[in-house]
Amino acid sequence: MSHSLRLFARRYRPCRLPYRRSYSVRIPGDDGQGLRDVKTVADLKEWQPGRLVSDVQLCGWVRSVRKSSSVRFVDITDGSSMRPVQAVVDKSLAADIRPGAAVRLTGVWHSSSSSSKTPPSVESQGGKLARSSVAGQPSSSDVHEQEAAVHSAGADQGPAPTTAELRVSEVEILGSSDPQTYPIQNKYQTPESLRAISHLRPRTPINSTLLRLRSDAMALLSQFFFQERFQQTHPPIITSSDCEGAGEAFTVKSGGTTEFFRDPKYLTVSSQLHLEALAQALGNVWTLSPTFRAEQSDTSRHLSEFYMLEAEMSFVQDMDEVMDLAQRMLASLASGLKRLSAAQELEKHRLDSRDPAERLAFEDLVDPKELQQRWRGLTSPKRWPRVTYTEAIEILQPVAHMFEHKPVWGSGLQSEHEKYLAEKIGYDEETDAFLPIFVTQYPQEIKAFYMLQSESPPPQGQTVDCFDLLVPNLGELAGGSMREHRLAQLEDNMRLHGLEVPTQRKARSSDMGWYLDLRRWGCPPHGGFGLGFDRLLSYLTGVPNVRDVVPFPRHFERCDC
Ligand SMILES: NC(=O)C[C@H](N)C(=O)O
């Protein structure tokens with residue numbers, strides 16, 4: 001090594017980065033090397049070091065404050081668990097600890113039985129008595145009272161067993177809050193009223209848990225596809241085509257007077273066409289991307305901006321393989337979620353909730369028995385039922401009087417039909433479960449131009465190799481198909497659907513020439529599906545309105561912040 005190189009090497013010798021904790025909980029002596037894996041409130045609540053530990057630092061938001069004559073019982077959350085952790089703060093230090101405030105508290109962590117001051121019974125705004133569970137000790141897990149709502153009561157009583165808590169010696173207010181104006185109340189707030197404050201809604205216990213479940217689901221899906229050797233890809237959001245057939249597109253406009261991209265462009269209604277291009281290079285691909293539809297449907301199932309999970313498989317000839325993948329993916333997701341805290345907390349705290357406001361919030365969700373039937377169906381080892389569209393119409397026609405729209409071969413299935421089929425065909429008596437069902441081979445005319453014609457259509461008319469995945473209450477959760485991979489047939493399909501078939505490839509073309517190109521060079525048989533991620537979450541959690549599983553919902557006439 002030359003002298004100058006040696007000097008350079010010495011000067012820029014790699015050194016260990018100084019370790020800075022960026023977690024909400026800090027345990028003294030933890031050098032970040034994983035000696036103690038206590039990083040969040042969720043970890044802290046579980047932590048049983050078997051001794052008192054001083055200088056524990058806890059950052060979080062105050063969920064509630066309860067008063068006794070000498071101390072304040074403060075519930076602190078950092079968003080990592082549905083239930084807060086309890087901090088006990090001397091009255092003299094607690095003046096600015098208010099619901100909603102961001103704080104850093106330092107103190108001694110007690111995780112075993114010791115003597116402590118016993119707090120009062122507390123009464124909520126609604127006048128209902130909120131009880132604590134452990135020998136009269138307020139526990140972070142069962143009462144959530146606004147400071148303003150709490151009546152100071154009773155003298156201190158003798159020693160009692162305690163739950164885990166931080167006995168605080170130092171208080172820092174990192175972001176103050178005025179409880180008189182703070183819109184998140186510890187009383188029941190309807191889903192509609194919370195939707196009007198979507199920037200604050202995630203601070204409520206159920207909504208923050210739903211967002212954690214959403215995050216868990218994304219991680220599990222990434223893991224699933226990674227193990228299946230699918231490549232995760234990023235198809236574009238701005239696209240040149242609005243004629244995919246999936247729904248009304250939003251047009252993209254810049255502020256200026258000229259057309260920014262020369263031709264009109266749109267927000268994507270589905271990543272499928274671009275995924276097909278990527279699948280022809282990478283094999284099997286998937287994405288979980290924002291998708292936009294300008295439909296004016298003001299229903300509990302529709303959003304203008306939603307996340308769609310789409311997968312595309314190359315060298316697949318049999319649509320059963322695509323449906324098998326969809327089933328395997330959902331089963332793996334549901335069983336993975338069951339092992340993680342967000343789903344477990346939603347299930348457990350629905351049963352053990354003592355706070356009247358929280359109980360009311362849980363009552364807004366689908367009945368727990370039905371929810372269990374859904375999860376049992378999703379994780380069932382049985383193959384989910386598969387019926388053709390023609391068979392589905394035959395099932396629906398004898399009960400046509402039950403529906404507003406007549407089930408007729410050649411027309412699309414209405415959501416009332418889909419829900420009926422899902423309940424009728426999907427219910428598995430043996431396991432008391434709702435298996436999702438696949439309805440396959442719809443008439444060609446009512447489906448998108450890219451779908452492959454079925455080889456043996458029914459006498460009623462031509463069908464295509466496609467499927468919809470239906471579940472009770474929600475209807476369509478996913479849709480997929482085999483794609484027409486032959487150029488001439490694809491062009492015919494486009495004409496049949498009234499789409500212009502581009503004759504020449506033009507530079508910067510906004511037509512479908514690029515999509516036809518894919519058929520010109522090495523296009524194997526392929527197929528895939530798209531699944532409404534937000535709908536899936538609403539199905540899994542029992543949240544009846546898809547607007548409540550999305551942090552910032554956008555839908556017809558609403559795009560608040
Ligand atoms: N990737 C897919 O198959 C989804 C389909 N393009 C749809 O929008 O329903």
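Counting starts at 1 for both ligands and their atoms, following the listed order.
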- Message: Heavy-atom contact check, 4.0 Å cutoff: does Phe467 meet ligand 1?
- Response: no

- Query: Is there side-chain contact between Glu370 and Asn473, with at least one heavy-atom pair below 4.5 Å?
  - Reply: yes

- Task: For Ser341 and Arg212, test the side chains for any donor-to-acceptor distance below 3.5 angstrom and give the result as yes or no.
- Result: yes

- Query: Taking atom types as modelled, is there a side-chain donor on Ser81 or Glu345 under 3.5 Å from an acceptor on the other?
  - Reply: no

- Query: Looking only at N/O atoms, are Arg293 and ligand 1 under 3.5 Å apart anywhere?
  - Reply: yes

- Task: Please indicate whether any nitrogen or oxygen in Ser481 is less than 3.5 Å from any nitrogen or oxygen in ligand 1.
- Result: no

- Do Tyr23 and Asp43 have side-chain N/O donor and acceptor atoms under 3.5 Å apart? no

- Message: If the contact criterion is a heavy-atom separation under 4.0 Å, does Arg483 count as touching ligand 1?
- Response: yes

- Task: Mark up the atoms of ligand 1 that fall under 4.0 Å of a heavy atom belonging to Gly530, in ascending order.
- Result: 1 (N), 2 (C), 3 (O), 4 (C)

- Task: Go through the structure and list residues passing side chain to side chain contact (heavy atoms under 4.5 Å, CB included) with Glu416, not counting sequence neighbours.
- Result: Phe403, Glu404, His405, Gln414

- Can you list the atoms of ligand 1 that are under 4.0 Å from a heavy atom of Tyr450? 5 (C), 6 (N)

- Under a heavy-atom criterion of less than 4.0 Å, does Met308 contact ligand 1? yes

- Query: Which atoms of ligand 1 are found less than 4.0 Å from any heavy atom of Ser270?
  - Reply: 5 (C), 6 (N), 8 (O)

- side chain to side chain contact (heavy atoms under 4.5 Å, CB included) partners of Thr299, counting only residues at least two apart: Ser297, Arg301, His302

